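These numbers were taken from a predicted model, which means no experiment stands behind them. Within every chain, numbering begins at 1; the chains are lettered A, B, ... in the order of the sequence lines, protein sequences first and strands thereafter.
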Protein chains: 2
Amino acid sequence: MEEPLASKRSVTVADVARAAKVSKATAARVLGGYGVVSDKIRAQVTAAAAALEYRPNELARSMTTGKSGIIGVVVGDIENAFFSLAVRGISDVARMAGFNVIIANSGEELEAEKSAVDLLIGKRVDGLIVTPARCDRMEHLRDIRRVGVPLVLFDRSIPELGVDSVTGDDFDAAATATRYLLDAGHRHIAYISAMDAADERLTDSRELSNSAVRERVEGVLKAQAAAGIEDPQRYVRLGATDQARTDAVVKHLLQEMPVPTALVASDSLVGLRVFKSLQALGLSIPADISMISFLDADWTTVTTPPITVVDQPVYEMGKKAAERLISRLNGRDMPVERTAVKTSLIKRGSVASPPHSSEQ
Amino acid sequence: MEEPLASKRSVTVADVARAAKVSKATAARVLGGYGVVSDKIRAQVTAAAAALEYRPNELARSMTTGKSGIIGVVVGDIENAFFSLAVRGISDVARMAGFNVIIANSGEELEAEKSAVDLLIGKRVDGLIVTPARCDRMEHLRDIRRVGVPLVLFDRSIPELGVDSVTGDDFDAAATATRYLLDAGHRHIAYISAMDAADERLTDSRELSNSAVRERVEGVLKAQAAAGIEDPQRYVRLGATDQARTDAVVKHLLQEMPVPTALVASDSLVGLRVFKSLQALGLSIPADISMISFLDADWTTVTTPPITVVDQPVYEMGKKAAERLISRLNGRDMPVERTAVKTSLIKRGSVASPPHSSEQ
DNA sequence: TCTGGACAAGAGACCGGTCTCAAATATAAA
DNA sequence: TTTATATTTGAGACCGGTCTCTTGTCCAGA
């Protein structure tokens, strides 16, 4: 008799109130878990709600409270293990704190990032974690702050923005990796990044719009400069965005004179591509050439030889970013903090001394 | 004079209407892009909106329209490459269709899945894509349909539920892989899954609560039965959830008599662990033992030898699931469809004939 | 018995949009 | 010029919750 067919309209507090024979306000109090109600009434309402299979409309709730309980995350590419691990860290922390996560992909493109941010703000997310595709364009990020939504930058930081960020200690990590290669006797060290650029070669590291890449490049450069290597910049390459382009980058690099004896890959995807390129060229690691990759990815332990990597605690970075954001969400009025998480070099088998001794 | 400080309250249609000296309804019409308005008024309102930096409140919008423009996705583990690739496929399609994606992790646990589903329904998602952790418990999935939210199952299907699903052709894929091993002369083929279970051994494949795993196991079993292998079930193992347990599983398997000469891994994570176990035991692939893994993961191409895999077009599966859901969202009233996407066997170097000939 | 404070329940405004319907204005037909 | 028909614009209800404010009860103290 009670509408056996699929009920189209969902049951509301008013419906429950009617069924429990109390006012809407009272039903709302028990259903919403606020205010005070007598045990008797509470039981009545609870029973009615159960009978009607009441489900609160989170949307309506958010509208009046102004809080959506959602954290927006804009990443470069969820398919990349780096980001999916980070997202895992973020959402684990978020869930514990009662927040949900809505994810948007920017594909590392500024326009996509802008519209993702707009959209998330429109959805009234309580806070935002963004991996800015470019660190030199940030009007849209300024806007976020202006509308009063807390923001935490992930993996890359923009000091001018005056906002929290969680990144790796990219400069140090790169410098450490480079010194390790220098100590092994390498004098010609190349750095390969997937950053899209007009030219494979780098003209000025300050022009790199991605702060993580910039820091790493500068770490590599500084460490070499400190060791007296001249013009290390000639071995820095960009644009290794896919296998074909990486093959080209590696090929060009190997045509340089003197030929680089060690390669540093900017992230695990680039690392994998570089490894394949080298393999395709029939070069043996580390006998013919040494390599180090950023990120302790899956594949780096099962290759022959296993790859020496700069290990970033990505999951923890994600967690930290979420924790930071949530503290702010809870009204904590703390100073802006730029956290650089410490990384470590995991020495495996892909680095050895350069082929024929090490002459400058 | 116009409140130079950070405006706490956001600007609404009413604010814009006031500034443009028109009614709220009219302002809403141009801002919401519906109904008709004269060009003159439209310009006025648009200008006012721009001046005030109006941003629509998507929440309020959703409340009246009843559509949130959000697709909820519940996956087993976003950190797993399988799911992150699928999510990528889903969100690419969703974005093109004007939908957003909100992701929840179930960790393959029923309770977490239930609460994720509840929460997403509360957020009034327009539709749901779920990877059910168990195919034998589905009350909460029934509930989804009862409240009228379209649902598409991903990777696993539950026929009794009468709902769309997109999976791999797991039975056939497993059977094909098995036949390939049989043709190579293997007579003792093991199957290793990460499905959590009380016992490593399998008693009855019909009890497998994950349909994808069940299908694969049955494929492996049937193919062997057809080849006259007796009691193939003795080599099926569960619970390879982490490296330690995988090491144990592999060790136990190698203690069987006769010892299995080929291993099939249920997914790329298990495959990687099995590879490491084998490597740790000093076994050489494929000379000592052959292996096949599901999913064409990164690492499978850079090992020595590269791994023969069952390639699932995961990204396409994600896309297909999203497309299916969106068609339903657009009111299309189509019959329930269980799509099994065709997979293929990529033959690489990890399969050879068993060690000392092949005697039954 | 009367007053007052504590507490429970009800009425109704509000959040920021959408949308229906009526009023006002413009355009076309008679 | 008048009437009929579009075409815009405005007023206000509504979505489903939260929350403030008011009213009504109950019980203790004077």
Side-chain angles (χ1 to χ4, degrees), chain A residues 7-46 48-49 52-70 119 121-126 147-148, chain B residues 7-46 48-49 52-70 119 121-126 147-148:
Chain A
S7 50
K8 210 62 264 171
R9 240 194 40 2
S10 49
V11 349
T12 73
V13 280
D15 297 328
V16 175
R18 208 170 304 123
K21 298 190 204 311
V22 298
S23 74
K24 181 183 156 202
T26 303
R29 271 189 275 260
V30 5
L31 264 16
Y34 57 90
V36 277
V37 262
S38 66
D39 292 349
K40 179 167 148 269
I41 295 283
R42 161 165 292 114
Q44 266 179 50
V45 174
T46 309
L52 269 54
E53 298 194 50
Y54 166 77
R55 284 164 183 272
N57 183 331
E58 245 24 271
L59 249 43
R61 194 168 272 178
S62 302
M63 192 149 71
T64 45
T65 58
K67 322 261 83 194
S68 63
I70 298 184
L119 199 139
I121 296 228
K123 296 260 187 252
R124 292 300 188 269
V125 294
D126 292 342
V147 298
Chain B
S7 50
K8 212 62 265 173
R9 242 192 42 357
S10 48
V11 350
T12 72
V13 278
D15 298 328
V16 176
R18 208 170 305 125
K21 297 190 204 309
V22 298
S23 75
K24 182 184 155 200
T26 303
R29 270 189 275 261
V30 6
L31 264 16
Y34 57 90
V36 276
V37 264
S38 66
D39 293 348
K40 179 168 148 267
I41 295 282
R42 162 166 290 111
Q44 267 178 48
V45 173
T46 309
L52 268 54
E53 299 194 51
Y54 167 79
R55 283 161 184 274
N57 182 332
E58 230 51 70
L59 249 42
R61 194 168 272 177
S62 302
M63 190 148 73
T64 44
T65 58
K67 324 260 83 198
S68 63
I70 298 184
L119 199 140
I121 297 231
K123 297 257 187 256
R124 293 299 188 266
V125 293
D126 291 342
V147 299

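The shortest distance between side-chain heavy atoms of Pro56(B) and Arg61(B) falls below 4.5 Å. Residues Arg55(B) and Val147(A) form a side-chain contact, since some pair of their non-hydrogen atoms from C-beta on lies under 4.5 Å apart. In this structure, Ile41(A) and Arg29(A) have side chains that are not in contact, with every pair of non-hydrogen atoms separated by 4.5 Å or more. Using a 4.5 Å cut-off on side-chain heavy atoms (C-beta onward), Val11(B) and Glu53(B) make no contact.
When the P atom of dC7(C) is taken as reference, atom NZ of Lys40(A) falls 19 Å away, rounded to whole Å. Between the CD atom of Gln44(B) and the C1' atom of dT9(D) there is a distance of 12 Å, rounded to whole Å. Per the geometry, CZ belonging to Arg42(B) stands 13 Å off C1' belonging to dT9(D), to the nearest Å. For the pair Lys21(A) NZ and dA9(C) C1', the interatomic distance rounds to 17 Å; values are reported in whole Å. Atom CG in Leu59(A) sits about 15 Å away from atom C1' in dC14(D), given to the nearest Å. Put simply, OH on Tyr34(A) is 13 Å from C1' on dG10(C), counting in whole angstrom units. One interatomic measurement links the two molecules: CG of Leu52(B) to C1' of dG16(C), which rounds to 15 Å at whole-angstrom precision. Computed from coordinates, the Arg61(B) CZ to dT18(C) P distance equals 5 Å when rounded to whole Å.
Residue-to-nucleotide contacts include no donor-acceptor pair under 3.5 Å from the side chain of Arg29(A) to the base of dG17(D). Below the 3.5 angstrom threshold, one finds no donor paired with an acceptor across the side chain of Lys24(A) and the base of dG16(D).
Candidate nucleotides dG17(D), dA11(C), dG17(C) were compared by shortest atom distance to the side chain of Tyr54(B), and dG17(C) ranks first. Taking only side-chain atoms of Val36(B), from C-beta outward, the nucleotide of dC15(D), dA8(C), dT8(D) with the closest atom is dT8(D).
Taking 4.0 angstrom as the limit, Thr26(B) places a side-chain polar atom (N or O) nearer than this to OP1 or OP2 of dG10(D). In this model, the phosphate group of dA9(C) is approached by a side-chain N or O of Ser38(A) to a distance below 4.0 Å at OP1 or OP2. In this structure, Ser62(B) does not reach the dG17(C) phosphate: none of its side-chain N or O atoms is under 4.0 Å from OP1 or OP2.
Where Met63(B) and Ala25(B) meet DNA chain D, the nucleotide closest to each residue was compared, and Ala25(B) sits on the side nearer the 5' end. Nearest-nucleotide positions on DNA chain D place Ser23(B) closer to the 5' end than the other of Ser23(B) and Arg124(B).
Using a 4.0 Å heavy-atom distance criterion, Ile41(A) is classed as a sugar-phosphate-only contact.
Of all the heavy atoms in Leu31(B) and Tyr54(B), the pair that sits closest is CG-CE2, 3.5 Å.
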